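Given the structure is predicted, the values throughout are model-derived calculations rather than measurements. All chains are named by letter (A, B, ...) in the order of the sequence lines, taking the proteins before the strands, and each is independently numbered beginning at 1.
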Amino acid sequence: MLFPDIDKTPEQYELLYPKRQLPEGAKVTRFAPSPTGYVHMGSLYASLVSERLAHQSNGVIFLRVEDTDKKREVEGGVSNIVRALSRFGINFDEGVTDIDDEKGSYGPYKQSERMDIYKSFAKRMVEKGFAYPCFCSEEDLDKIRSRQEEKKITPGYYGEYAVHRNSTLEQVKEELSLGKSFVLRVKAPNNPDSRFILNDLIKGDVEMPENFQDMVLLKSDGLPTYHFAHVVDDHLMRTTHVTSGDEWLSSAPLHIQLFEMLELEKPYFAHISPIMKIEGSSKRKLSKRKDPEADVSFYHEQGFPSISVIEYLVNLTNSNFEDWRRENPKSPNTDFEIELERMSVSGAMFDLIKLTDMSKDIVAGMTAEEVYDMSLKWASEYDSELWTLLSADEKYAKSIFNIDRGGEKPRKDIAKWTDVKPNIFYFFDDLFDLDVAAGRNFPEAITSDEVSRLIREYSKVYNHKDNKDMWFDRVKEFCEEMGYSKDVKTFKKNPGVYKGHVGDVTGVIRVAVTNRRNTPDLYEIMQVMGEKKVMERFDETWGRFSCP
RNA sequence: GGCCCAUUGGUCAAGUGGUCAAGACAUCGCCCUCUCACGGCGGUAACAGGGGUUCGAAUCCCCUAUGGGUCACCA
């Protein structure tokens, strides 16, 4: 009567979606976003855990789109999500792959296309006496609620307040004949004192009250609520491990109840703690509205390598990751096995500084080639000026990235691609000139005349063909000629005898060449720039400072 | 408010009845050094509070406080 068009039974669906043939211990997990297009850091975190769980056990992870709320749907949302996740290396074995595309044999993977399946199971619920139609309007429900609030009892649709709970067949027929729309509600047992223990893989044993609210299973538009869809889908898709944010913990009693009513095998549950943000002295969940860093595209825009974000998140799941990383500096992070039992039960603070630090380590371990490719790719999307510079002379750019790289103690000055330009600008005349126009950065303690004298004289003795030792020897020699000590210690012993020490002289040279007081190895920089550019900068320096 | 969960240095955290309570990031100092980094060495710094149980409690129990989650025809 309620579902006249439904001809398939749950048993038929059982046959259609048989148990998966997987090796012993293989886990089947899923990521189930609603298609808003926005991927929250917490979602990435949860999907990462699910993906690793599946793939570390030779299992399967699929992407299911929960599009049962048409009001919230955003155009292009699905492809956005798929793209965002794949950028972070999260790939699915089955499920939705794009707006109208999917793979795998347990589909459809879009809930909006599974209506008949839900109705078949809903019909079964009604047949078993575990569900009933409810014809209450919004106003009716409001009335019930305000009555309950007056009496200070738990609000909701249950027990004696569930007016349609015990309607007779005739009453239902009558309502239907009036053309009224209805929702389908679960007929929950009404014994509020009954409790059960949920064995959560992360939280451990949690004692909870049994669900006694007659929650909605099918909405008046016929679409299922999340709760009902989850139970049906995760059963038919043969999910073994349901990972979800811990905001779902409190609806677990309902889900378990539904599994039991339908006599379906229950999956394991793992509720993941949310990622928090500190604000002032209080913690709160990372918020989509308030925190730009809640959106994963933030990291992409900032140019954090995806792998850095992933390693940071892995570290957040299992803090022994850091030890593992120290012992396996070169292994891909996918080799690290995530254990649910080791996951924190309380929310972790998202620490951008630590992410940055980890990212520096990761970038420092890359080859110049990799840094070049990745920063170029980033620049092509977000910084056309940088892109032009990098692509104009690939060899030059790579030799820049190669400075102080690859050795025992690589530099760690790049955490994200937005750090690149400020670190290398002086290798490019246009940017260098622009920077110089804004002011020279010679130390205040040294006069313009002295700067000019030093550079003029130094440009005479500078030999581009020197190797590093020869270069530095020559610098020391030059220092003594100019009245500076050849090392810092000598200067400190007899400060009165010298104008300064070698550090002061190289400091001046450094600013002349780069307009920065702090740079990587000066010799390397000059070698990469080439003799012509170095000499130009020397000339420009003493030319400018000698004739005001 | 009801129901759940949590609380170890500034942050992430080891820890499951006996530890001088790990480690990492941050911070501070020293060393290395042509600058800045890197690196090395070292320092400051924690079991939310109160009761029990026990020879012994960060660890088990109770209370309090604080924080978080959730209470929809949203997921």
*Base, sugar-phosphate, or nothing: which does T36(A) touch, judged by heavy atoms less than 4.0 Å apart?*
nothing
_Could you check whether F472(A) and Y523(A) have their ring centres less than 6.0 Å apart?_
no
*Give one of base, sugar-phosphate or nothing for F472(A), where a contact means two heavy atoms less than 4.0 Å apart.*
base
*Please work out if E138(A) contacts a base, only the sugar-phosphate, or nothing of the nucleic acid, heavy-atom cut-off 4.0 Å.*
nothing
*Counting heavy atoms not belonging to I153(A), are there more than 12 under 6.0 Å from its CD1?*
yes
*asked:* Whole angstroms only, please: what is the OH-P distance between Y312(A) and A26(B)?
replied: 13 Å
*asked:* Nearest to the side chain of R195(A), heavy atoms from C-beta on, is which of C4(B), A26(B), G39(B)?
replied: C4(B)
*asked:* Over all strands shown, is T519(A) touching base, sugar-phosphate only, or nothing at heavy-atom distances under 4.0 angstrom?
replied: base
*Which comes earlier along RNA chain B counting from the 5' end, the contact point of E207(A) or that of S251(A), where each point is its nearest nucleotide?*
E207(A)
*asked:* So, under a plain 3.5 Å distance rule, would you say the side chain of R516(A) forms a donor-acceptor pair with the base of C36(B)?
replied: no
_Quick check: closest heavy atoms across S359(A) and P305(A), and the distance to 0.1 Å?_
OG-CD, 3.5 Å
*Just how far, in rounded Å, is P of A14(B) from CZ of R342(A)?*
7 Å
*What's the closest nucleotide to the V502(A) side chain, out of C73(B), C38(B), C34(B)?*
C34(B)
*asked:* Checking D233(A) against Q111(A): is there a side-chain donor and acceptor pair closer than 3.5 Å?
replied: yes
*Taking the C1' atom of each, how far is U16(B) from C61(B), in whole Å?*
16 Å
*asked:* Side chain of E322(A), heavy atoms from C-beta onward: which of A24(B), C5(B), C4(B) has the nearest atom to it?
replied: A24(B)
*U66(B) and A26(B): how far apart are their P atoms, nearest whole angstrom?*
34 Å
_Under-4.0 Å side-chain N/O to phosphate OP1/OP2 contact, T68(A) with C74(B)_ = no
*Take the protein atom CD of E339(A) and the nucleotide atom P of A14(B), then report the distance between them rounded to whole Å.*
12 Å
_With rounding to the closest Å, how many angstrom separate the P atoms on A14(B) and A22(B)?_
15 Å
_Closest non-hydrogen atom pair between V511(A) and R516(A), with its separation_ = CG2-O, 3.6 Å
*asked:* Nearest whole Å is fine: how far is U33(B) P from N518(A) CG?
replied: 18 Å
*Answer yes or no on whether R537(A) is positioned over the face of F432(A), meaning its NZ or CZ is under 6.0 Å from the six-membered ring centre and within 45° of the axis.*
yes
*Could you check whether C136(A) gets within reach of a base, just the sugar-phosphate, or nothing at all, counting any heavy atom under 4.0 Å?*
base
*Does K203(A) have a side-chain nitrogen or oxygen under 4.0 Å from the phosphate oxygens OP1 or OP2 of A6(B)?*
no
*Counting side-chain heavy atoms from C-beta on, which of A14(B), G69(B), C25(B) comes nearest to K354(A)?*
C25(B)
*Reckon D246(A) touches a base, only the sugar-phosphate, or nothing at all at heavy-atom distances under 4.0 Å?*
sugar-phosphate
*Nearest to the side chain of M208(A), which nucleotide is it out of C4(B), U35(B), C74(B)?*
C4(B)
*What is the nucleic acid contact for S220(A), judged by heavy atoms within less than 4.0 Å: base, sugar-phosphate only, or nothing?*
base
*asked:* In whole Å, measure the gap between the P atoms of U53(B) and U59(B) for me.
replied: 15 Å
_Can you measure R145(A) atom CZ to G2(B) atom P for me and round it to whole angstrom units?_
19 Å
*Considering only side-chain heavy atoms of T225(A), which listed nucleotide, A75(B), G39(B), C3(B), is closest?*
A75(B)
*Under 4.0 angstrom, heavy atoms only, what part of the nucleic acid is S273(A) near: base, sugar-phosphate, or nothing?*
nothing
*Looking at the side chain of R411(A), which of C12(B), C36(B), A75(B) is the nearest nucleotide?*
C36(B)
*Using a cut-off of less than 4.0 Å, is there contact between a side-chain N or O of K412(A) and OP1 or OP2 of G39(B)?*
yes
_Tell me if the OH atom of Y268(A) is crowded by more than 12 foreign heavy atoms within 6.0 Å._
no
_When the C1' atoms of U35(B) and C41(B) are compared, how many Å lie between them, rounded to an integer?_
23 Å
_Nearest listed nucleotide, side chain of E247(A), among A14(B), U35(B), U70(B)_ = U70(B)
*Where is the tightest heavy-atom contact between Y45(A) and S273(A), given as atom of each residue plus distance?*
CE2-O, 3.9 Å
*asked:* Within the 4.0 Å heavy-atom criterion, would you say R185(A) contacts the bases, only the backbone, or no part of the nucleic acid?
replied: sugar-phosphate
*C25(B) and C62(B), which share atom name P, separated by this distance in whole Å*: 39 Å
*What integer distance in Å separates F228(A):CZ from A75(B):P?*
14 Å
*asked:* Within the 4.5 Å heavy-atom criterion, are D504(A) and Y498(A) side-chain neighbours or not?
replied: no
*Base, sugar-phosphate alone, or nothing: which one does G507(A) contact when heavy atoms must sit under 4.0 Å apart?*
nothing
*Separation of the C1' atoms in A57(B) and G17(B), to the nearest angstrom*: 7 Å
*Rounded distance (Å) that lies between atom P of A14(B) and atom CD of E341(A)*: 13 Å
*Structure string for RNA chain B in dot-bracket form, Watson-Crick and G-U at under 3.5 Å, | interchain*: ((((((((.[[[..)..(....]]].(((((.......)))))....[[[[[..)....]]]]])))))))....
*When you measure from the side chain of D69(A), which nucleotide among A75(B), A26(B), C73(B) comes out closest?*
A75(B)
*Closest heavy-atom contact between E66(A) and A32(A)?*
OE2-CB, 3.4 Å
_Nearest-angstrom distance from the residue atom CD1 of I144(A) to P of C73(B)_ = 11 Å
*Kindly say if S344(A) contacts the phosphate of A13(B), meaning a side-chain N or O under 4.0 Å from OP1 or OP2.*
yes
*Would you classify R64(A) as touching base, sugar-phosphate or nothing, given that sugar-phosphate means primed atoms plus P, OP1 and OP2, and contacts are heavy atoms under 4.0 Å?*
nothing
*Taking the side chain of I353(A) as its heavy atoms from C-beta onward, which of C25(B), C12(B), A75(B) lies nearest to it?*
C25(B)
*Are OP1 or OP2 of G2(B) and a side-chain N or O of K151(A) less than 4.0 angstrom apart?*
no
*Count the heavy atoms of every other residue, nucleotide or ligand shown that sit under 6.0 Å from CD of E75(A), and state whether that count exceeds 12.*
no
*Heavy-atom closest pair, residues V420(A) and S375(A)*: CG2-CB, 4.1 Å
*When you compare U27(B) with G10(B), how far apart are their C1' atoms, in angstrom units rounded to a whole number?*
9 Å
*Describe the nucleic acid contact of K468(A) in one word from base, sugar-phosphate, nothing, applying a heavy-atom distance below 4.0 Å.*
base
*For R510(A) and for R326(A), find the nucleotide of RNA chain B with the closest heavy atom, then tell me which residue's nucleotide is more 5'.*
R326(A)
*Look at the side chain of R517(A) and the base of C36(B), then say whether one donor and one acceptor between them are separated by less than 3.5 Å.*
no
*Could one point to a donor on the side chain of D504(A) or the base of C34(B) with an acceptor on the other under 3.5 Å away?*
no
*Just checking V183(A): base, sugar-phosphate only, or nothing, at a heavy-atom cut-off of under 4.0 Å?*
base
